[in-house]
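Numbering of residues begins at 1 and proceeds along the displayed sequence. All values derive from a computational prediction rather than experimental measurement.
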Amino acid sequence: MALTVEMVTFDSVDPARLAQWWAQQFDGETQELIPGEFIAVARPNGPKLGFQKVDDPTPGKNRLHLDFGAADVDGEVDRLKSAGATEVGRHSIGDNFRWVVLADPEGNAFCVAGAG
């Protein structure tokens with residue numbers, strides 16, 4: 001038996017707003033699966049992103065962590081920051097691999113990684 005990743009789901013106080021933000025970052029389309037409660041973002045490639053309404057997401061804790069790759073890490077980080085993401089930190093392993101930790105508009109951390 002093999003598993004495939006179908007969707008990665010975020011807890012959110014405003015799933016429609018957060019889904020729209022992520023849809024813009026991936027050129028995706030939002031799909032309201034449960035009105036007011038669960039919104040999915042269909043992306044051109046890869047798994048869907050899901051956003052479910054929760055009244056009180058756990059403060060100070062991420063409910064998940066996403067890692068994205070990019071050929072132009074700095075360009076992508078600049079684009080995401082211009083769209084409302086916040087830079088949290090920068091890291092590297094040697095000269096060949098680095099990543100930037102960002103947070104989306106609700107504070108969910110994610111990384112953009114690439115070559116040195």
> Checking side-chain contact (heavy atoms from CB on, under 4.5 Å) for the pair Arg90/Val77: CA distance, chi angles, key distance, verdict?
Replying inline: CA-CA 11 Å; Arg90 291 179 177 256; Val77 167; 4.0 Å; yes
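- Of all the heavy atoms in Pro105 and Gly84, the pair that sits closest is CG-O, 4.1 Å.
- In plain terms, the two heavy atoms of Gln52 and Asp11 that are nearest each other are NE2-OD1, 2.7 Å.
- Ionic pairing of Glu106 and Arg17 is present here: one or more N-O contacts between side-chain nitrogen and carboxylate oxygen are shorter than 4.0 angstrom.
- In this structure, Glu76 contributes its side chain and Leu80 its backbone to no donor-acceptor pair below 3.5 Å.
- The side-chain heavy atoms of Glu87 and Val100, taken from C-beta on, include a pair separated by under 4.5 Å.
- For the pair Asn45 and Phe26, the minimum side-chain heavy-atom distance is 4.5 Å or more.
- The minimum heavy-atom distance between Ala113 and Phe97, with the atom names listed, is CB-CZ, 3.6 Å.
- Electrostatic pairing of Asp74 and Lys81 does not count as a salt bridge here, judged by no charged N lying under 4.0 Å from a carboxylate O.
- Side-chain N or O atoms of Trp21 include none that pairs as donor or acceptor with a backbone N or O of Ala85 at under 3.5 Å.
- Nearest heavy-atom pair, Val101 versus Ala109, reported as atom, atom and distance to 0.1 Å: CG1-CB, 4.4 Å.
- No side-chain heavy atom of Ile39 sits under 4.5 Å from any side-chain heavy atom of Lys53.
- Contact record, Thr30 with Ala23: CG2-CB, 3.9 Å, taken as the closest heavy-atom pair.
- Side-chain contact between Phe51 and Asp14 is absent, with no heavy-atom pair separated by less than 4.5 Å.
- With a 6.0 Å radius and a threshold of 12 heavy atoms from other residues, nucleotides or ligands, Glu29 has its CD atom at or below the threshold.
- Side chain of Arg98 to backbone of Gly116: a donor-acceptor contact under 3.5 angstrom is found.
- Side-chain atoms of Val41 and Lys48, non-hydrogen and from C-beta on, never get closer than 4.5 Å to each other.
- Scanning all heavy atoms of the two residues, the minimum distance from Pro15 to Gly36 falls at CG-O, 4.3 Å.
- Ring geometry, Phe110 versus Trp22: the interplanar angle exceeds 60°, so the pair is classed perpendicular (tilted spans 30 to 60°).
- Taken from CG in Leu49 to CZ in Arg43, the straight-line distance is 5.0 Å, to the nearest 0.5 Å.
- Atom CG of residue Leu102 and atom CG of residue Asn108 lie 12.0 Å apart, to the nearest 0.5 angstrom.
- A 4.5 Å side-chain heavy-atom check between Leu18 and Asp104 finds at least one atom pair inside the cut-off.
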